Asks: 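One structure is given below, represented as structure tokens, and several questions about it will come after.
The shown structure was predicted, so the numbers you read here are calculated from the model rather than taken from an experiment.
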Amino acid sequence: MAEVATDQLQVWVDQDLCTGDGLCVQYAPEVFEFDIDGLAYVKGVDGELRMAPGSRVDVPAHLRLEVIDSAKECPGDCIHVVRGDGVEVAGPDAEED
């Protein structure tokens with residue numbers, strides 16, 4: 001049986017649901033940032049915002065907990081954290097245990 005790589009996580013923000021609350025930017029400013037429209041976006045390791053809808057970036061290993069917490073605490077339920085196999089581990093589509 002092939003092992004599924006679960007060590008790498010990716011994150012994206014659904015701007016249609018973003019409330020601009022800013023918890024994500026407080027939790028992980030290396031990953032999330034506001035644009036002039038007042039909505040949160042993810043940014044790559046180059047620091048550039050990923051503006052295209054559904055754009056994903058890799059979650060740095062040292063920020064996993066912060067990014068997962070931001071998805072769980074987000075009042076807009078707009079942050080999606082997914083494993084390499086596409087399973088959402090935090091966010092509105094995550095399976096609750």
Asks: Got a sec, which pairs hit ring-ring contact (aromatic ring centres under 6.0 Å, His included) with one end in residues 8-40, sequence neighbours left out?
Replies: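 Those involving residues 8-40 are W12-H80.
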Asks: Can you list every pair that meets ring-ring contact (aromatic ring centres under 6.0 Å, His included) and has a residue in residues 50-70, with sequence neighbours left out?
Replies: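 Counting only pairs at least two positions apart or across chains, no ring-ring contact (aromatic ring centres under 6.0 Å, His included) contact touches residues 50-70.
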Asks: If I compare all heavy atoms of E66 with all of A28, which pair ends up nearest, and what's the gap?
Replies: CB-CB, 4.2 Å
Asks: Show which residues join L65 in its hydrophobic cluster (side-chain heavy-atom contacts under 4.5 Å, direct or indirect), or state none.
Replies: none
Asks: For S55 and V42, which heavy atoms make the closest approach, and how far apart are they?
Replies: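 S55 and V42 have their closest heavy atoms at O-CG2, 3.5 Å.
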Asks: Over all heavy atoms of both residues, which pair between A71 and A90 is shortest? Give the atoms and the distance, please.
Replies: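 In this case the closest contact between A71 and A90 is CB-CB, 3.8 Å.
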Asks: With E48, which residues qualify under side-chain hydrogen bond (donor to acceptor under 3.5 Å, both in side chains), at least two apart?
Replies: none
Asks: How about L9 and V67: do any of their side-chain heavy atoms sit closer than 4.5 Å?
Replies: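 They are not in contact (no side-chain heavy atoms under 4.5 Å apart), so the answer is no.
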Asks: With sequence neighbours excluded, tell me which residues meet side-chain hydrogen bond (donor to acceptor under 3.5 Å, both in side chains) with D37.
Replies: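 side-chain hydrogen bond (donor to acceptor under 3.5 Å, both in side chains) check on D37 returns Y41.
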Asks: In chain order, what residues pass the side-chain hydrogen bond (donor to acceptor under 3.5 Å, both in side chains) check against D16, with sequence neighbours excluded?
Replies: none
Asks: If you look only at pairs with a residue in residues 71-80, which of them pass as a salt bridge (charged side-chain N to carboxylate O under 4.0 Å, His left out), with sequence neighbours excluded?
Replies: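 Counting only pairs at least two positions apart or across chains, no salt bridge (charged side-chain N to carboxylate O under 4.0 Å, His left out) contact touches residues 71-80.
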Asks: At their closest point, which heavy atom of V31 faces which heavy atom of P60, and how far apart are they?
Replies: CG2-CD, 3.8 Å
Asks: Rounded to the nearest 0.5 Å, what separates atom CG in L49 from atom CG in L39?
Replies: 11.5 Å
Asks: Excluding sequence neighbours, so at least two apart, what forms salt bridge (Lys or Arg N to Asp or Glu O under 4.0 Å) with E30?
Replies: none
Asks: List in chain and number order the residues that pass side-chain contact (heavy atoms from CB on, under 4.5 Å) with V82, two or more places apart in sequence or in another chain; answer none if no residue qualifies.
Replies: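 Q10, R56, E88.
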Asks: Can you sort out the partners of E33 under side-chain hydrogen bond (donor to acceptor under 3.5 Å, both in side chains), two or more places apart, ordered by chain and number?
Replies: K43
Asks: Run the side-chain contact (heavy atoms from CB on, under 4.5 Å) test against C78 and tell me which residues pass, sequence neighbours left out.
Replies: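 If we apply the side-chain contact (heavy atoms from CB on, under 4.5 Å) test to C78, skipping adjacent residues, the hits are V13, D14, L17, C18, C74.
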Asks: With sequence neighbours left out, write down each residue that passes side-chain contact (heavy atoms from CB on, under 4.5 Å) with P75, or none if nothing qualifies.
Replies: T19, D21, L23
